[in-house]
Protein chains: 2
Amino acid sequence: MSEILSIGRQHLAVHGAAGLSLRAVARDLGVVSSAVYRYVKSRDELLTLLLVDGYNALGDAVDHAVNQVPADDFAAQFRALGGAVREWAVAEPARYGLLFGSPVPGYEAPSEQTTGPGTRVIVQLVRIIEGAHRAGALREVARAPVPDPRLAADFAAIREEMGLSVPDDVLARGVLVWAAVFGAVNFEVFGQYGRATFSDPAALFELHLAALAETAGLS
Amino acid sequence: MSEILSIGRQHLAVHGAAGLSLRAVARDLGVVSSAVYRYVKSRDELLTLLLVDGYNALGDAVDHAVNQVPADDFAAQFRALGGAVREWAVAEPARYGLLFGSPVPGYEAPSEQTTGPGTRVIVQLVRIIEGAHRAGALREVARAPVPDPRLAADFAAIREEMGLSVPDDVLARGVLVWAAVFGAVNFEVFGQYGRATFSDPAALFELHLAALAETAGLS
DNA sequence: GAAAAAACGAGAGCGATGCTCTCGCTTTAA
DNA sequence: TTAAAGCGAGAGCATCGCTCTCGTTTTTTC
């Protein structure tokens, strides 16, 4: 029943990830709790459903934002990607928290169902960086190649798997930028800036994106 | 009873933040559940206790690491800070998750008790950056001052409150670096790198720290 | 030292949770 | 028409947070 998923989305938004109760969903559905178990094996399965649902919603938002931007302006594409992630997260904090917050205790996401949708944002990001690199639009950014041989092997594996041609240092910067974008979003959405509140968080985030674009070599 | 806190710490580490059960703590204590309520007002209060406990443990680790490093080597101090955060988080993922993961649903941290310990890391970070700035050891990093007047006002307020002299652009970079450090730690601890696993995460993180030191102007 | 007061632990109990099982009713398929 | 599958209701189990009362023990006070 897609109605279960819909109500689950609402409950997720209102009561948060761990506050998701199958009994409450059943109540809202006007049905006794055991009936829901006909369609959903467990609370964890409902969580998984909502997880891939969220990943796809975020992926759609990011894809749409990136596509609004000229295909040859890679820096703008990156800013569009980051901005889309932030806006989606701010609009749906609980859903975002399910995707990128601390894991729900006792729940392990089944990778076979979640890795696909869960990697859409990073796939877009490497697409942008690789595109800029191939177009020669990537500024020289790092002085030295990565020194650690094990890391070099990891990067080689990633390059192989995703069919990339970017060198190690660019890849490393890309990974950092990736984590940094979500770090900044986390800080804003989860209120971890502490006492340091910002009256225009969107502007602060744009500043961050500009600096991160620089870090990635996207001038 | 400090024994409650000790057992709570163990349960937190094993079962995670939301898996913390006052009844289970009572069982481990060899006492009936209602007895625990003599000492702890509610599950949320126990959570708060563990929260400030965690903040202080992290703060101690960071302070200790930073103090191991020459007082005039600001870049090394920054790397020590970042490394200490990561190592503490990797060693105690559940505890770290309580501090920097998604908020526990239905639980709001009482700011009067948590802001103090909760700001120890960022206080150290601004201390490092401000120190480098005052010592003239901060590389010129940004081209333009922040354009947004509301952001400038925010930064001015922060500068005022913390008695700083760093300019807006450095402050902005500092905020980004702050969020980026925790973003990278989050990615590793919460396994959000996805399929991209790294055989030597510590080395990757060091690479990140080097790049972030550059971003902050700490050469 | 005796009496009053505070602290403490045990236990029962309330309303919730996730989840399982069985019992009927309805809809579909043979 | 009959057999089979799908479906919802309800009871039940163990767990949770939390409250209340009732004795016992310890501490304070006179």
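Please read all numbers here as calculations on a predicted model, not as lab measurements. Keep in mind that the numbers below use all heavy atoms, side chains included, and drop hydrogens, waters and symmetry copies. Reminder, nothing fancy here: chain letters follow the sequence lines and each chain counts from 1.
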Quick one: [X] [atom1] to [N] [atom2], roughly how many Å, whole number?
{"X": "B:R23", "N": "D:dA14", "atom1": "CZ", "atom2": "C1'", "value": "11 Å"}
{"X": "B:K41", "N": "D:dC18", "atom1": "NZ", "atom2": "P", "value": "11 Å"}
{"X": "B:L47", "N": "D:dG17", "atom1": "CG", "atom2": "C1'", "value": "13 Å"}
{"X": "A:L29", "N": "D:dC7", "atom1": "CG", "atom2": "C1'", "value": "13 Å"}
{"X": "B:L22", "N": "D:dT15", "atom1": "CG", "atom2": "C1'", "value": "14 Å"}
{"X": "B:D28", "N": "D:dT15", "atom1": "CG", "atom2": "C1'", "value": "15 Å"}

Q) Heavy atoms, side chains only, cut-off 4.5 Å: are A:R9 and A:R95 in contact? A)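 Of all side-chain heavy-atom pairs linking A:R95 with A:R9, at least one is under 4.5 Å.
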Q: Describe the nucleic acid contact of A:L46 in one word from base, sugar-phosphate, nothing, applying a heavy-atom distance below 4.0 Å.
A: nothing
Q) Just checking B:L20: base, sugar-phosphate only, or nothing, at a heavy-atom cut-off of under 4.0 Å? A)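 Here B:L20 touches the backbone only, sparing every base.
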Q.
Holding to side-chain contact (heavy atoms from CB on, under 4.5 Å), I want the full list of residues that pass it with A:A61, two or more places apart in sequence or in another chain.
A.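 Partners of A:A61 by the side-chain contact (heavy atoms from CB on, under 4.5 Å) criterion, ordered by chain and then number, come out as A:W88.
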Q. Could you give the start and end, 5' to 3', of the contact zone on DNA chain C for chain B, using atoms under 4.0 Å from its heavy atoms?
A.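 Answer, 5' to 3': C:dC8 to C:dG13.
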Q. Are B:R120 and B:L58 close enough, and set up right, to give a side chain to side chain contact (heavy atoms under 4.5 Å, CB included), and what steps lead you there?
A. CA-CA 9 Å; B:R120 287 180 58 181; B:L58 174 63; over 6 Å; no
Q) Taking DNA chain D as the partner, which of residues 30-38 of chain A come within under 4.0 angstrom of it by heavy atom? A)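 Within this stretch, A:V31, A:V32, A:S34, A:A35, A:R38 sit under 4.0 Å of the strand.
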Q) B:A216 and B:V177: which non-hydrogen atoms are nearest, and at how many Å? A)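 Of all heavy-atom pairs spanning B:A216 and B:V177, the closest is CB-CG2, 3.8 Å.
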Q) Can you name the closest pair of heavy atoms from B:L125 and B:L81 and give their distance? A) N-CD1, 3.8 Å
Q: Measure up the A:Y96 and A:F182 rings against each other and bin them: parallel (under 30°), tilted (30 to 60°), perpendicular (over 60°).
A: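 If you compare the ring of A:Y96 with that of A:F182, the planes turn out parallel.
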Q) A:L50 and side-chain contact (heavy atoms from CB on, under 4.5 Å): which partner among A:T48, A:V52, A:L46? A) A:L46
Q: Mark yes when over 12 heavy atoms from residues, nucleotides or ligands other than A:Q68 sit less than 6.0 Å from its CD; otherwise mark no.
A: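 More than 12 heavy atoms, drawn from other residues, nucleotides or ligands, come within 6.0 Å of this atom.
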Q: Determine, step by step, whether A:R173 and A:I129 satisfy the side chain to side chain contact (heavy atoms under 4.5 Å, CB included) criterion, reporting the C-alpha distance in whole Å, the side-chain angles of both residues, the deciding distance to 0.1 Å, and the verdict.
A: CA-CA 10 Å; A:R173 295 291 178 123; A:I129 294 180; over 6 Å; no
